[in-house]
Protein chains: 2
Amino acid sequence: MRVSREQMAENRQKILDAASRLFRAKGFEAVSVAEVMKAAGLTHGGFYGHFRSKDDLIACALATACEPPPNRKLDIDAFIKGYLSPRHRENVAGGCPLAGLTAESLRQTPEARAAITDGMQQQLERMTAALQDKGVADPRQAAIGNLAALVGGLMFARACDDPQLSDELLQQTRAWIEQTNQHNSSTADT
Amino acid sequence: MRVSREQMAENRQKILDAASRLFRAKGFEAVSVAEVMKAAGLTHGGFYGHFRSKDDLIACALATACEPPPNRKLDIDAFIKGYLSPRHRENVAGGCPLAGLTAESLRQTPEARAAITDGMQQQLERMTAALQDKGVADPRQAAIGNLAALVGGLMFARACDDPQLSDELLQQTRAWIEQTNQHNSSTADT
DNA sequence: TGTACATCAGTGAACGCGCGTTCACTGATGTAC
DNA sequence: TGTACATCAGTGAACGCGCGTTCACTGATGTAC
């Protein structure tokens, strides 16, 4: 049963959204094409009308997931606080794709690696601008350090099976990053 | 053909070592039991004489990989330098298991999560002691921050498909961590 | 605007394949005498 | 120490299953008149 052009475009987006969430929650390999299609409200046979292969879907879903939400300015302090929060730790499926999928992406197709690299670059640019506005010296270096620590800290807090240690990891990573940013800020040491 | 007890123990260790390397290189799901056994110089049928299941192997291999190499003191500066080096970036199979496997571990069995949590704790203790010796204030917090940034930075450098950006990520993450440790060190600001 | 037909998005059965796991068998090891 | 036999680590064929992918079919959509 053929559907309208708009409906087809909408279905494609549904597939991408479902894939993006499922991949973040379970990893690329643990999610089947049929599972994605079911989550999108379709049957598995229609998949190849939208994508060339599962690898193609992975690359497209990564690009979708890495799209910046709106284009408004980033508040770096609020971002850090939210990033290293229990809420973000619990919300794997809807959380930062860099935290959930970067490690797996390095074994994917060149297209997937290009998508994650692009997402990384965009995130770094946004953070660099935000840190520069805050008066942090060498904002590019600070953005790289901040992002590395954020992603590492969140990943550890998620993997950890001890809730107390997990909370400590979130809090201490956050405190350490914030303190470092203050040290490097021109208006802080007065 | 039965083998001696010592030979059997040796074979078990060979399986664990092969699994540890293959898992780090390709991830848990992309490695088959037969592949591990072949890498260990055995056939796949004998696997279940050593382990209850693939999940059991994953947990045991994680514990093996997380064992600290020797028990000598950690030189934090040399550790950071080596960790964020092109050599370590290239050596995924033989590199830090925390960097390669933490993200995937959160979807594994409770036993696997316990193993990675234990490896994390041990690494944090070693780094805390080393940072304390260096005179860093709040060494526990510094260890958590250092480890998060190290793992995040290495992961990004590995996933990145642009060699120039990858090098920058290694260098800037390293410079950022070292600078932070200096700021927090009692003997540095003179 | 209304009709007739070609197009094609989605359906669901079917495919080949590799996976984790099982099992009957083999033959060297370990033990009892 | 030497012999006879039970044990059991490792072998390789076989299993059931779920995966990615294909394909003949369906029926609503889009278009030509």
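Note that this is a predicted model, so its numbers are computed, not measured.
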Report task. Look at the side chain of A:T64 and the backbone N and O of A:C60, then say whether any donor-acceptor pair between them is shorter than 3.5 Å. Result ->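 A pair under 3.5 Å: yes.
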Query raised in the report: Is the backbone of B:G82 close enough, under 3.5 Å, to the side chain of B:R87 for a donor and an acceptor to pair up by distance?
Result: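 Not at all, since once roles are kept as given, no pair shorter than 3.5 Å links the two residues.
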Query - Involving DNA chain C, stems made of at least three consecutive Watson-Crick or G-U pairs, both distances under 3.5 Å - result: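 As far as DNA chain C goes, consecutive pairing (with distances under 3.5 Å) yields the stems C:2-33 with D:2-33.
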**Report entry** ILVMFWY cluster, A:F28 and A:V92 together (side-chain gap under 4.5 Å)
**Finding:**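 No, no single cluster joins them.
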Requested in this report: State plainly whether one hydrophobic cluster holds both A:L62 and A:L106, where clusters connect Ile, Leu, Val, Met, Phe, Trp and Tyr through side-chain heavy atoms under 4.5 angstrom apart.
Outcome: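 Different hydrophobic clusters.
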**Report entry** For chain A, the stretch of DNA chain C it reaches, first to last nucleotide, under 4.0 Å of its heavy atoms
**Finding:**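 The footprint of chain A covers C:dT7 to C:dA14.
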Requested in this report: Could you check A:G41 against B:V3 and say which one's nearest nucleotide on DNA chain C is further toward the 5' end?
Outcome: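 The answer here is A:G41.
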Requested in this report: Could you check B:M1 against A:L42 and say which one's nearest nucleotide on DNA chain C is further toward the 5' end?
Outcome: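 Result: A:L42.
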Report task. Please work out which residues in residues 45-52 of chain A have a non-hydrogen atom less than 4.0 Å from an atom of DNA chain C and list them by number. Result ->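 Output list: A:G45, A:G46, A:H50.
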Going by distance alone, is a donor N or O of one side chain under 3.5 Å from an acceptor N or O of the other, for [X] and [Y]?
X      : Y      : result
B:T117 : B:R113 : no
B:Q171 : B:D167 : no
A:Q7   : A:N11  : yes
A:D138 : B:Q179 : no

Requested in this report: Fit a plane to each ring of B:Y83 and B:H88, take the angle between them on a 0 to 90° scale, and name the class: parallel (under 30°), tilted (30 to 60°) or perpendicular (over 60°).
Outcome: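 B:Y83 and B:H88: perpendicular rings.
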Requested in this report: Show the numbers, then the answer: is there a side-chain hydrogen bond (donor to acceptor under 3.5 Å, both in side chains) between A:R89 and A:S85?
Outcome: CA-CA 6 Å; A:R89 175 186 58 196; A:S85 67; over 6 Å; no
Query raised in the report: How is A:V31 classified with respect to the nucleic acid when contacts are heavy atoms under 4.0 Å: base, sugar-phosphate, or nothing?
Result: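 Here A:V31 touches the backbone only, sparing every base.
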